[in-house]
Peer 1: 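Okay, here's the structure, questions in a sec.
Just so you know, residue 1 is the first one in the sequence shown, and it goes up from there.
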Amino acid sequence: MGSSMKRKVHFSMIEGNSIGYYALFALFGLIAGVGLLGAMYMEHYGHVRTGMNNSIVWGTPHVFAVFLIVAASGALNVASMASVFGRHHYAPLARLSSLLAIALMAGGLAVLMLDLGQPGRGFTVATVYYNATSVFSWNLVLYSVFFAAVIFYLWTMMESKMNKYYRPAGYAAFIWRLILTTGTGSIFGFLVARHAYDAAIMAPMFIIMSFAFGLAIFILVMTAAYQWSNRPLGDIIISRVRNLLGVFVAAVLYFTLVYHLTNLYVAENAGFERMILLGEGVSQYSMVFWIGHVIVGGILPLILLYAPPFCRSLKSTVLASILVILGGLAQMYVIIVGGQAYPMQLFSDKTVISSSFQDGQYIDYMPSMPEVLLGVGGIGIALIIVVFAIKIMPFMPNSLADKVVDPFHKPSVDSDATEA
């Protein structure tokens, strides 16, 4: 970080002594608690009591888990903008960005482990009997190193003696999070048995999705933290993250378009595309795709971020971020659940009409309440980590006013100038 930035930016903990703070802490604790209850219910009665079945083995908890893991990588993008790309405006946000990345990863992995049925046994088997040829096993290493890399990155920011390692740590964290998200996308891209998966574009698509989802969550957390703690939040930061979010949202829509156009060009994937795009066989996935992902998560946020009546409003930016998150969950639902709902082709020259395992049939999936509670519980875990951490350690600058963020700021200059 430049010397001018060090002189002007001062970090401190929030007081956290108000009724509002304790109410917020209790709310997130309650959300995490009901998530744990949902996991205990599925552990006791088995997944037979959920909407999952022999065809759809990754249900709503996996939708939330993968979303949070992908968003964790993207949340770190704000810190990377400062240390890797030299955008000094983002330097004051690097600590909060890194904290949010750790919290989201913890929440996502908690949901993932609790959805395994026997979390302790699953973790033990994965570590003791490590299978180096499995992409799932690779992620065990990727997630562990991610925690270590981001914690070290934070150490270089918060300890003056470690400041000399700040940029190398930033580069290492940036490279590793790209590797991590590539690994997460490759879980689906390497599955050749499913028409929805088995695509090289899955890895880069997951990377750009992480940028959009992580930044949207970061905007909400940053805005709430500064408004509720009565700390100044200037237009420069909001303007930059707003335009950056718009670029990422547009890129997600572009990758989605390329993905489906590629599938349409390949004849064997035409049936899957008809299910997703036209609602053939079962309509819920098509509705979630068009309404949830394309309209709510793509078109409406772009209007709120760029249309003249809305583009300079903080409320519009916050609303756009909420819609991006909802659209991201919808996109994950279509990818994960919709990808399993399309019948697998067991024999290349045969048509399987039906069997006791629903082979050859479109699968209609309805998530159960315990699944939803477990997934939402992961969000509660992530947020309670953030709320607790900013009270006990100085993650937030005292001010993000324009004159602090930009030492050369002139009030007469339009602070909403666009910058991607």
Side-chain angles (χ1 to χ4, degrees), residues 1-16 69 71-109 140-181 183 210-211 214-215 217-218 221-222 225-226 229 231 233 237 240-241 244 382-401 404-407:
M1 287 184 249
S3 59
S4 62
M5 188 58 61
K6 289 181 180 179
R7 288 196 302 268
K8 290 183 176 292
V9 178
H10 303 282
F11 294 84
S12 67
M13 302 166 284
I14 65 170
E15 292 184 8
I69 290 169
S73 172
L76 193 61
N77 193 57
V78 176
S80 298
M81 293 294 291
S83 60
V84 177
F85 298 101
R87 300 287 184 175
H88 67 272
H89 303 94
Y90 297 96
L93 302 173
R95 294 186 184 184
L96 184 60
S97 169
S98 302
L99 169 63
L100 185 58
I102 293 173
L104 290 172
M105 182 62 72
L109 291 180
L140 185 68
V141 176
L142 294 176
Y143 299 149
S144 301
V145 176
F146 179 82
F147 278 115
V150 178
I151 290 172
F152 181 76
Y153 186 28
L154 266 173
W155 188 21
T156 65
M157 287 185 264
M158 304 180 74
E159 174 58 59
S160 58
K161 295 179 181 179
M162 298 296 293
N163 285 166
K164 58 184 177 181
Y165 302 112
Y166 168 69
R167 288 187 68 83
Y171 276 99
F174 173 73
I175 293 171
W176 195 260
R177 72 185 183 86
L178 293 182
I179 295 173
L180 180 146
T181 316
S210 76
F211 290 174
L215 183 59
I217 295 176
F218 178 83
V221 170
M222 176 189 68
Y226 274 83
S229 61
R231 299 190 181 197
L233 180 62
I237 283 294
R240 278 161 173 76
V241 295
L244 199 60
L383 293 178
I384 203 170
I385 291 173
V386 173
V387 170
F388 179 71
I390 61 177
K391 177 179 171 61
I392 64 171
M393 296 185 72
F395 284 102
M396 293 170 51
N398 292 337
S399 172
L400 285 176
V404 175
V405 173
D406 186 359

Peer 1: Closest approach of Gly170 and Tyr153, non-hydrogen atoms and distance?
Peer 2: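 Residues Gly170 and Tyr153, closest heavy atoms: CA-CE1, 3.4 Å.
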
Peer 1: Write down the atom of Ile151, the atom of Ile102, and the distance for their closest heavy-atom approach.
Peer 2: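 Reported closest heavy-atom pair: CG1-CD1, 3.8 Å.
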
Peer 1: Run the side-chain hydrogen bond (donor to acceptor under 3.5 Å, both in side chains) test against Ser210 and tell me which residues pass, sequence neighbours left out.
Peer 2: none

Peer 1: Between CG of Leu154 and CE of Met162, what distance do you get to the nearest 0.5 Å?
Peer 2: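 Separation between the atoms: 12.0 Å.
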
Peer 1: Sequence neighbours excluded, which residues qualify as side-chain hydrogen bond (donor to acceptor under 3.5 Å, both in side chains) partners of Ser12?
Peer 2: Arg231, Asn398

Peer 1: Just how far is it from atom CD1 of Ile14 to atom CZ of Phe395, taken to the nearest 0.5 Å?
Peer 2: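 Taking CD1 in Ile14 and CZ in Phe395, the distance rounds to 11.5 Å.
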
Peer 1: Can you tell me which residue pairs pass the side-chain hydrogen bond (donor to acceptor under 3.5 Å, both in side chains) test with a partner in residues 97-108, sequence neighbours excluded?
Peer 2: none

Peer 1: Between CD1 of Ile237 and CE of Met222, what distance do you get to the nearest 0.5 Å?
Peer 2: 6.5 Å

Peer 1: Quick one: ring pair (Phe, Tyr, Trp, His ring centres under 6.0 Å) partners of Phe174, sequence neighbours excluded?
Peer 2: Phe85

Peer 1: If you count heavy atoms of other groups shown closer than 6.0 angstrom to CZ of Phe152, is the number above 12?
Peer 2: yes

Peer 1: Would you find more than 12 non-hydrogen atoms of other residues, nucleotides or ligands less than 6.0 Å from Glu159 atom CD?
Peer 2: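 Result for CD/Glu159: enclosed.
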
Peer 1: Please report the interatomic distance CD1(Ile69) to CG(Leu104), rounded to the nearest 0.5 Å.
Peer 2: 10.5 Å

Peer 1: Taking atom CZ of Arg177 and atom OG of Ser80, what is their separation to the nearest 0.5 Å?
Peer 2: 4.0 Å

Peer 1: Check Met13 against Pro394 and note the closest heavy-atom contact, atom names and distance.
Peer 2: CG-N, 3.5 Å

Peer 1: For Tyr165, is the OH atom crowded, meaning more than 12 foreign heavy atoms sit under 6.0 Å from it?
Peer 2: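 Incorrect, the count does not exceed 12.
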
Peer 1: Please name all residues satisfying ring pair (Phe, Tyr, Trp, His ring centres under 6.0 Å) with Phe211, sequence neighbours left out, ordered by chain then number.
Peer 2: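 For Phe211 the ring pair (Phe, Tyr, Trp, His ring centres under 6.0 Å) partners, ignoring immediate neighbours, are Phe248.
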
Peer 1: With sequence neighbours left out, what residues match Ile384 under side-chain contact (heavy atoms from CB on, under 4.5 Å)?
Peer 2: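 Only Phe25, Phe28 meet the side-chain contact (heavy atoms from CB on, under 4.5 Å) criterion with Ile384.
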
Peer 1: Just wondering, do Met158 and Met393 contact through their side chains at under 4.5 Å, heavy atoms?
Peer 2: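 Contact flag for Met393/Met158 side chains = yes.
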
Peer 1: Do Trp176 and Leu142 have side chains that approach each other closer than 4.5 Å (heavy atoms only, starting at C-beta)?
Peer 2: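 Yes - at least one pair of side-chain heavy atoms lies under 4.5 Å apart.
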
Peer 1: Once you round to the nearest 0.5 Å, how far does CZ of Phe218 lie from CG of Leu244?
Peer 2: 11.0 Å

Peer 1: To check you understand the geometry: which heavy-atom pair defines the closest contact between Pro92 and Phe11, and what is its length?
Peer 2: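 Pro92 and Phe11 have their closest heavy atoms at O-CE2, 3.4 Å.
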
Peer 1: Is any side-chain heavy atom of Val78 closer than 4.5 Å to a side-chain heavy atom of Leu96?
Peer 2: no

Peer 1: In the structure I gave you, are the side-chain heavy atoms of Met105 and Leu180 within less than 4.5 Å of one another anywhere?
Peer 2: yes

Peer 1: With a 4.5 Å limit on heavy-atom distance, are the side chains of Leu93 and Leu400 in contact?
Peer 2: yes

Peer 1: Does some side-chain heavy atom of Leu109 sit less than 4.5 Å from a side-chain heavy atom of Phe147?
Peer 2: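 Answer yes - side chains close enough.
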
Peer 1: Report yes if some heavy atom in the side chain of Asn77 is under 4.5 Å from a heavy atom in the side chain of Leu215; otherwise report no.
Peer 2: no

